[in-house]
Amino acid sequence: MTQNVQTSVFTHSRLYNKRYYLGNIYNVVVNCEGGEYYEYEVEADTFAKATEIAESMANDLMADITYVEVYKV
């Protein structure tokens with residue numbers, strides 16, 4: 001006799017955990033001196049959180065940052 005067992009690899013889906021939901025997707029552009037820029041996509045709940053994540057990414061670049069743009073996708 002065999003017994004079938006099914007497990008899920010999705011541990012953060014809506015079916016697995018009722019409290020989890022997909023956050024908003026934001027497009028982040030980090031502008032540096034000399035015309036350089038870096039683009040990222042960030043998942044966050046608010047613009048403030050997306051900006052915080054973008055600032056942390058920009059600090060990791062070790063470049064002279066002029067400004068950071070955040071757009072909701």
Side-chain angles (χ1 to χ4, degrees):
M1 177 191 266
T2 61
Q3 183 176 12
N4 294 334
V5 177
Q6 181 179 4
T7 59
S8 175
V9 294
F10 301 106
T11 58
H12 290 93
S13 69
R14 198 174 290 221
L15 295 174
Y16 184 81
N17 187 356
K18 301 286 186 199
R19 296 177 306 173
Y20 182 79
Y21 60 95
L22 180 65
N24 296 322
I25 303 296
Y26 295 92
N27 186 18
V28 175
V29 180
V30 178
N31 295 292
C32 301
E33 290 183 355
E36 294 181 63
Y37 66 93
Y38 301 93
E39 293 187 48
Y40 301 102
E41 285 188 350
V42 175
E43 179 184 350
D45 293 328
T46 62
F47 273 102
K49 186 65 177 172
T51 304
E52 181 182 328
I53 294 169
E55 287 176 354
S56 125
M57 291 175 155
N59 287 333
D60 292 340
L61 292 174
M62 300 296 289
D64 294 327
I65 301 163
T66 54
Y67 59 96
V68 176
E69 302 172 47
V70 179
Y71 302 104
K72 186 172 181 181
V73 176

S.K.: Do F47 and V42 sit in the same hydrophobic cluster, where Ile, Leu, Val, Met, Phe, Trp and Tyr count as joined when their side-chain heavy atoms come under 4.5 Å apart?
M.R.: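 Same cluster.
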S.K.: Atom CG of N31 and atom CD of E39: how far apart are they, to the nearest 0.5 Å?
M.R.: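 N31 CG to E39 CD: 9.0 Å, rounded to 0.5 Å.
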S.K.: Please give me the minimum heavy-atom distance between A44 and A50, naming the atom from each residue.
M.R.: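 In terms of heavy atoms, the two residues are closest at CB-N, 3.6 Å.
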S.K.: Where is the tightest heavy-atom contact between Y26 and V73, given as atom of each residue plus distance?
M.R.: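 For Y26 versus V73, the nearest heavy atoms are C-CG2, 4.1 Å.
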S.K.: Is the number of heavy atoms from other residues, nucleotides or ligands within 6.0 Å of CD (E41) greater than 12?
M.R.: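 Open.
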S.K.: Where do I53 and E43 come nearest, in terms of heavy atoms and distance?
M.R.: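 For I53 versus E43, the nearest heavy atoms are CD1-O, 4.0 Å.
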S.K.: Could you check whether any side-chain heavy atom of I65 comes within less than 4.5 Å of a side-chain heavy atom of V30, counting everything from C-beta outward?
M.R.: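 Side-chain contact under 4.5 Å: yes.
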S.K.: With rounding to the nearest 0.5 Å, note down the distance linking NZ in K72 to CG in N27.
M.R.: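 Result: 13.5 Å between the selected atoms.
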S.K.: Does Y37 have more than 12 heavy atoms from other residues, nucleotides or ligands lying within 6.0 Å of its OH?
M.R.: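 No.
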S.K.: Using the rule that two of Ile, Leu, Val, Met, Phe, Trp, Tyr join whenever any of their side-chain heavy atoms come within less than 4.5 Å, decide whether V29 and L61 are in one cluster.
M.R.: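 Hydrophobic grouping puts V29 apart from L61.
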S.K.: Give me the atom names and distance for the closest heavy-atom approach of A54 to V68.
M.R.: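 Looking at all heavy atoms of both residues, the shortest contact is CB-CG1, 3.9 Å.
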